[in-house]
Amino acid sequence: MNEPILSATDTLNTASDNALPDAASCPPAAATRGFAERVVTWQRQHGRHALPWQNTHDPYRIWLSEIMLQQTQVATVMPYYARFLERFPTVADLAAAPQAVVMELWAGLGYYARARNLHACAQQVVEKWGGKFPPTAEDIQTLPGIGRSTAAAIAAFAYGERSPILDGNVKRVFARHFGIHGDPTTRAVELRMWDYAEKALPPIGPDTPDAMRSYTQGLMDLGATICKRGDPDCGVCPVRATCVALREARQHELPTARIRKAIPERSIGMLIVEHEGRVLLPRRPATGIWGGLLSLPEFDGEEPGTALATFGLPADAIVRIDRLALLSHTFTHFKLHITPWHIRSQSAGSLNTDDWLAIDALPSAALPAPVRKLIDALYGQDDLLR
DNA sequence: TACCCGTGGCA
DNA sequence: TTGCCAAGGGT
């Protein structure tokens, strides 16, 4: 890189952290000049090119990857992506599938609203758009589960549309390169970043589609492989010459860490009720935690007490009760301590027939991660196909 | 507008 | 062990 170092970044807003950003502040043109071109060139030489969802312009495959990758790391997505494509080669196949099957394939990946929206989105594409994804980011964003950034990513990769993304990678790169202080999860800071995202796009020209594909991928690659959270590899960064954080040696202060509240903890008991080769696994409501998945009956506290009768199991139906090892599971927003109870019953009591699942059907069941762990520990599924 | 919504890898 | 947060969206 022999380009002159832009001094215009000196004029950037240097308001202190968490100060209310000046709503009128907008990125100086000089701050973003040449940024995209360097990202594009770098991506083509040093970016990632062999991920399973790359080297295609098929909006279906791109969309599926973008949804799975929301708040989820690449390595985690890989096996799920392969299974989905194998089972649902086209958006029509996905739209036609029962939601329960979609949930089974998604189980373990987390954020289950994504799976419900994925299914609904496929059906809308088929019914409202004739089986083809909408032609612009604006239209794509009207579909369920697709926000502004995901719509832009799909449109850029599939159509080469000139529309900006703003994900976790981009926020980190922008915060450092443009010296943007303040918690990026707050609305005000996020709006500023969208402003930069629009201004930093590759210029309009004959090669805009190709540039947009490389640029969009390049921003993600830059964040994932160079501008990492812990120790950014500034020595080989394509935009180091204009990076505010590097110049001021503040890479570790940016992006500004958000202030986190202590997460609450909760203790519950879970019942593994077994009767005639079946286990009680009612489907959870569509909304809320683990929405749409099968799960074990649960109750507040650790001792079953009167809970069994409440669930429709009379005391004389119970052959044996075993308390299993405590299991803790941490969510983003709270920590759950689970006391599992294995209950052998000689009758189904007044329980709903539909809520029982055969033990040999457990391996493919749509179970939340900690429930999967409990079930596998008890019925010895080890870690075959999960 | 803040909060809700999973899971796993990593320092 | 604990905290952080990743190709965010919905409400």
Side-chain angles (χ1 to χ4, degrees), chain A residues 47-48 51-54 61-81 103 106-118 120-121 140-157 164-173 183-191 193-194 197 215-225 227-231 252 255-265 284-293 295 328-336 366-373 386:
Chain A
R48 295 174 292 185
L51 295 171
W53 38 87
Q54 292 184 297
R61 292 176 172 241
I62 293 164
W63 161 72
L64 181 61
S65 75
E66 290 300 330
I67 301 302
M68 287 187 167
L69 286 162
Q70 285 171 356
Q71 301 285 277
T72 310
Q73 295 181 354
V74 168
T76 304
V77 165
M78 295 277 202
Y80 287 88
Y81 185 72
M103 299 312 291
W106 195 278
L109 197 51
Y111 283 134
Y112 299 98
R114 290 186 296 173
R116 297 192 299 275
N117 285 329
L118 184 85
C121 180
I140 291 172
Q141 199 186 331
T142 66
L143 294 165
I146 303 179
R148 182 176 176 185
S149 186
T150 298
I154 296 168
F157 290 136
I165 61 166
L166 186 62
D167 60 22
N169 286 315
V170 181
K171 285 178 177 175
R172 187 169 56 257
V173 170
D183 180 353
T185 68
T186 62
R187 187 67 180 154
V189 175
E190 189 178 355
L191 283 175
M193 291 196 170
W194 273 114
Y215 175 69
T216 303
Q217 186 64 49
L219 284 178
M220 295 172 172
D221 292 351
L222 204 51
T225 68
C227 199
K228 294 170 291 185
R229 182 168 63 93
D231 62 322
H252 298 282
T256 305
R258 86 156 113 175
I259 302 164
R260 278 184 189 269
K261 294 187 293 189
I263 62 173
E265 303 192 17
R284 297 179 64 91
T287 56
I289 200 85
W290 298 334
L293 297 189
S295 189
S328 292
H329 185 76
T330 306
F331 297 87
T332 308
H333 50 299
F334 71 98
K335 189 167 185 177
L336 191 62
L367 306 179
V371 175
R372 166 59 62 192
K373 199 175 290 185
R386 188 44 266 126

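Numbers restart at 1 for each chain; the letters A, B, ... are given by sequence-line order, proteins then strands. Fair warning: this is a prediction, and the values are worked out from it, not measured in the lab.
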Chemist: Taking any heavy-atom pair under 4.0 Å as a contact, classify A/R258: base, sugar-phosphate, or nothing.
Modeler: nothing
Chemist: Are A/L69 and A/V74 close enough, and set up right, to give a side chain to side chain contact (heavy atoms under 4.5 Å, CB included), and what steps lead you there?
Modeler: CA-CA 7 Å; A/L69 286 162; A/V74 168; 4.0 Å; yes
Chemist: Counting any heavy atom closer than 4.0 Å, what does A/L166 reach on the DNA or RNA strands: base, sugar-phosphate only, or nothing?
Modeler: nothing
Chemist: Work out how far the P atom of B/dC3 is from that of C/dC4, and round it to whole angstrom.
Modeler: 16 Å
Chemist: Let me know the distance between CZ of A/R116 and P of B/dC4, rounded to the nearest Å.
Modeler: 16 Å
Chemist: Would you mind reading off the distance between A/I289 atom CD1 and B/dC4 atom P, rounded to a whole angstrom?
Modeler: 10 Å
Chemist: Is it true that, when you exclude A/R61 itself, more than 12 heavy atoms of the residues, nucleotides or ligands shown sit nearer than 6.0 Å to its CZ?
Modeler: no
Chemist: How long is the span from the CD atom in A/Q71 to the CZ atom in A/R114, to the nearest 0.5 Å?
Modeler: 8.5 Å
Chemist: Taking any heavy-atom pair under 4.0 Å as a contact, classify A/P184: base, sugar-phosphate, or nothing.
Modeler: nothing
Chemist: Could you measure the distance from the CD1 atom of A/I154 to the CD1 atom of A/I146? Nearest 0.5 Å is fine.
Modeler: 4.0 Å
Chemist: In whole Å, I'd like the distance from the CZ atom of A/R260 to the P atom of B/dC4.
Modeler: 13 Å
Chemist: Within this structure, what is the CD1-CZ distance for the pair A/I165 and A/F157, rounded to the nearest 0.5 Å?
Modeler: 6.5 Å
Chemist: Please report, rounded to the nearest Å, how far the P atom of B/dC5 is from the CZ atom of A/F331.
Modeler: 9 Å
Chemist: Working to the nearest 0.5 angstrom, can you tell me the gap between A/T225 OG1 and A/M220 CE?
Modeler: 13.0 Å
Chemist: Heavy atoms only, 4.0 Å cut-off, all strands: where does A/L51 land among base, sugar-phosphate and nothing?
Modeler: base
Chemist: Between B/dC5 and C/dA7, how far apart are the P atoms? Round to whole Å, please.
Modeler: 23 Å
Chemist: Write down the distance between CG (A/L69) and P (B/dT7), rounded to a whole number of angstrom.
Modeler: 17 Å
Chemist: Between A/I263 and A/K335, which heavy-atom pair has the shortest distance, and what is it?
Modeler: CD1-N, 4.1 Å
Chemist: Run through A/L118, A/I140, A/L143 and flag the one making a side chain to side chain contact (heavy atoms under 4.5 Å, CB included) with A/W63.
Modeler: A/L118
Chemist: Both A/K335 and A/F157 contact DNA chain C. Which one's nearest nucleotide lies toward the 5' end?
Modeler: A/K335
Chemist: Could you list all N or O pairs between the protein and nucleotides 1-3 of chain B that sit under 3.5 Å apart?
Modeler:
from	atom 1	to	atom 2	distance (Å)
B/dC3	OP1	A/K261	NZ	3.1

Chemist: What does A/G288 touch in the nucleic acid at a heavy-atom separation under 4.0 angstrom: a base, only the sugar-phosphate, or nothing?
Modeler: sugar-phosphate
Chemist: Remember a base hit wins even if backbone is also touched, and classify A/T150 as base, sugar-phosphate or nothing at under 4.0 Å, heavy atoms.
Modeler: sugar-phosphate
Chemist: Mind listing the N/O atom pairs, protein and nucleotides 8-11 of chain B, below 3.5 Å?
Modeler:
none

Chemist: Is the shortest heavy-atom distance from the side chain of A/M78 to the side chain of A/W53 under 4.5 Å?
Modeler: yes
Chemist: Under a criterion of less than 4.0 angstrom to any heavy atom of chain A, what are the 5'-terminal and 3'-terminal contacting nucleotides of DNA chain C?
Modeler: C/dC4 to C/dG10
Chemist: With heavy atoms under 4.0 Å as the rule, sort A/W53 into base, sugar-phosphate or nothing.
Modeler: base
Chemist: Which is it for A/K171 and A/L166 under the side chain to side chain contact (heavy atoms under 4.5 Å, CB included) test, yes or no, and what are the steps along the way?
Modeler: CA-CA 6 Å; A/K171 285 178 177 175; A/L166 186 62; 3.8 Å; yes
Chemist: Any side-chain N or O of A/W290 under 4.0 Å from OP1/OP2 of B/dT7?
Modeler: yes
Chemist: Passes side chain to side chain contact (heavy atoms under 4.5 Å, CB included), A/W106 versus A/I67? Steps please.
Modeler: CA-CA 11 Å; A/W106 195 278; A/I67 301 302; 4.0 Å; yes
Chemist: Would you tell me if any nitrogen or oxygen in the side chain of A/H333 comes within less than 4.0 Å of OP1 or OP2 on B/dC5?
Modeler: yes
Chemist: Check whether any side-chain heavy atom of A/T256 sits under 4.5 Å from a side-chain heavy atom of A/V189, and report yes or no.
Modeler: no
Chemist: Return the 5'-most residue of the pair A/P144, A/V74 with respect to DNA chain C, ranking by each residue's nearest nucleotide.
Modeler: A/V74
Chemist: State whether A/Y111 places a side-chain N or O below 4.0 Å from either non-bridging phosphate oxygen (OP1 or OP2) of B/dC4.
Modeler: no
Chemist: Side-chain contact, heavy-atom cut-off 4.5 Å: A/L222 with A/N169?
Modeler: no
